[in-house]
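Shown next, in structure tokens, is the structure this report addresses.
In this chain, residues are counted from 1 in sequence order. Nothing here was measured: the structure is a model prediction, and the numbers come from that model.
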Amino acid sequence: QDAAVSGAMLLRRVQTFAGQLDLYGAKLQAIASDQESWAKVSSLVLDGATYEAFAGDLSGRDAKWWIGWLAKQPEVHRTSDFKPQPYEQLAKALRSMGHETEAKEILIEKRRLQRQVRWKYPEHYPRPQAIWRKPFWYLAQCWDWFLQWIVGYGYKPVRAVAALAGIMLVGWGGYTHAASNGVVMP
């Protein structure tokens with residue numbers, strides 16, 4: 001906890017690892033590791049940890065792998081006591097290394113988990129008590145889901161173009177069908 005490493009933290013060629021790797025509040029220049037070593041770490045605390053980059057071979061580490069890496073955090077940090085900082089820090093490091101696609105996927109996953117936590121753990125994110133405010137809370141949840149689906153929370157704006165093209169095709173098809181049956185006149 002709260003370690004400060006001016007160079008790289010090394011995690012390579014690990015044979016066995018028991019317990020939890022606690023990097024809470026650690027200030028690291030870089031993390032030098034191999035995939036095989038991370039596979040042996042079953043629990044990882046990343047809240048408050050900062051690092052500039054990852055060193056070593058990153059081939060084979062796609063967004064799915066990084067999300068799995070973040071999933072090694074204690075369940076409570078991914079659910080009722082959700083910690084967004086590890087997701088933001090990972091995205092920042094990946095982006096600085098030129099891995100923009102993976103960084104976007106990490107931030108989308110963070111937003112998805114935040115939405116799930118708000119829905120599943122209302123005691124941490126209280127729903128409004130005033131009866132007139134409740135529909136707005138549900139609308140906000142639906143809007144959040146819609147943003148994930150349509151534009152990936154702003155990280156995938158091309159999806160909006162595809163959705164618009166789909167809406168236009170459905171409208172065109174409906175109008176063409178209605179016009180051929182004499183329901184509407186051009």
**Request:** Mind listing the closest non-hydrogen atom pair of R13 and S37 along with its distance?
**Result:** N-OG, 3.1 Å
Using atom types as modelled, flag every donor-acceptor pair under 3.5 Å from a side chain in residues 47-56 to any protein atom, sequence neighbours excluded.
residue	atom	partner	partner atom	Å
Y51	OH	L90	N	3.4

**Request:** Output yes when a side-chain donor or acceptor of S33 lies under 3.5 Å from a complementary backbone atom of L11, and no otherwise.
**Result:** no
**Request:** Could you grab the distance from atom CD of Q89 to atom NZ of K92, nearest 0.5 Å is fine?
**Result:** 5.5 Å
**Item:** K104 side chain to G154 backbone, donor-acceptor under 3.5 Å
**Value:** no
**Prompt:** Is any side-chain heavy atom of L23 closer than 4.5 Å to a side-chain heavy atom of L44?
**Reply:** yes
**Asked** Any donor and acceptor pair, going by atom type alone, linking the side chain of W66 with main-chain N or O of R61 inside 3.5 Å?
**Response** yes
**Prompt:** What are the two closest heavy atoms between S59 and Q35, and how far apart are they?
**Reply:** O-NE2, 3.0 Å
**Message:** Counting the benzene-type ring for Trp, do Y175 and W172 have ring centres under 6.0 Å apart?
**Reply:** no
**Request:** Report the distance from atom OH of Y87 to atom CD of Q114, rounding to the nearest 0.5 Å.
**Result:** 9.5 Å
**Fill in**
Heavy-atom nearest pair, R159 first then I150, reads CB-O, 2.6 Å
**Message:** Assess whether a salt bridge exists between E109 and R112, defined as any Lys/Arg side-chain N lying under 4.0 Å from an Asp/Glu carboxylate O.
**Reply:** yes
**Message:** For R78, is there any backbone N or O sitting under 3.5 Å from a side-chain donor or acceptor partner on K83?
**Reply:** no
**NZ on K72 to OG on S42, rounded to 0.5 Å** = 7.0 Å
**Request:** Please assess L94 against I106 for the test side chain to side chain contact (heavy atoms under 4.5 Å, CB included), listing each intermediate value before the final yes or no.
**Result:** CA-CA 10 Å; L94 290 173; I106 298 303; 4.2 Å; yes
**Test side chain to side chain contact (heavy atoms under 4.5 Å, CB included) applied to Q15 and E36, step by step** = CA-CA 9 Å; Q15 299 300 315; E36 296 78 24; over 6 Å; no
**Prompt:** Does L21 reach the side chain of S43, with side-chain heavy atoms less than 4.5 Å apart?
**Reply:** no
**Prompt:** Rounded to the nearest 0.5 Å, what separation is found between the OG1 atom of T16 and the NZ atom of K40?
**Reply:** 8.5 Å
**Request:** Decide yes or no for P84 and K110: does some side-chain heavy atom of the first lie under 4.5 Å from some side-chain heavy atom of the second?
**Result:** yes
**Request:** Identify the heavy atoms of R12 and A32 that sit nearest to each other, and give their distance.
**Result:** NH2-CB, 3.6 Å
**Item:** Straight-line distance of E102 CD to M97 CE, nearest 0.5 Å
**Value:** 10.0 Å
**Asked** With D62, which residues qualify under side-chain contact (heavy atoms from CB on, under 4.5 Å), at least two apart?
**Response** K64, W65
**Complete:** On a heavy-atom basis, the closest approach of D144 and R111 is OD1-NH2, 2.9 Å
**Asked** Does the ring center of Y153 lie less than 6.0 Å from the ring center of F146?
**Response** no
**Prompt:** Hey, is the main chain of H77 close enough, under 3.5 Å, to the side chain of D81 for a donor-acceptor pair?
**Reply:** no
**Prompt:** So V5 and K27, side chain to side chain contact (heavy atoms under 4.5 Å, CB included) or not? Walk me through it.
**Reply:** CA-CA 6 Å; V5 178; K27 310 283 185 254; over 6 Å; no
**Asked** Can you name the nearest heavy-atom pair linking Q73 to L46, along with the distance?
**Response** OE1-CB, 4.0 Å
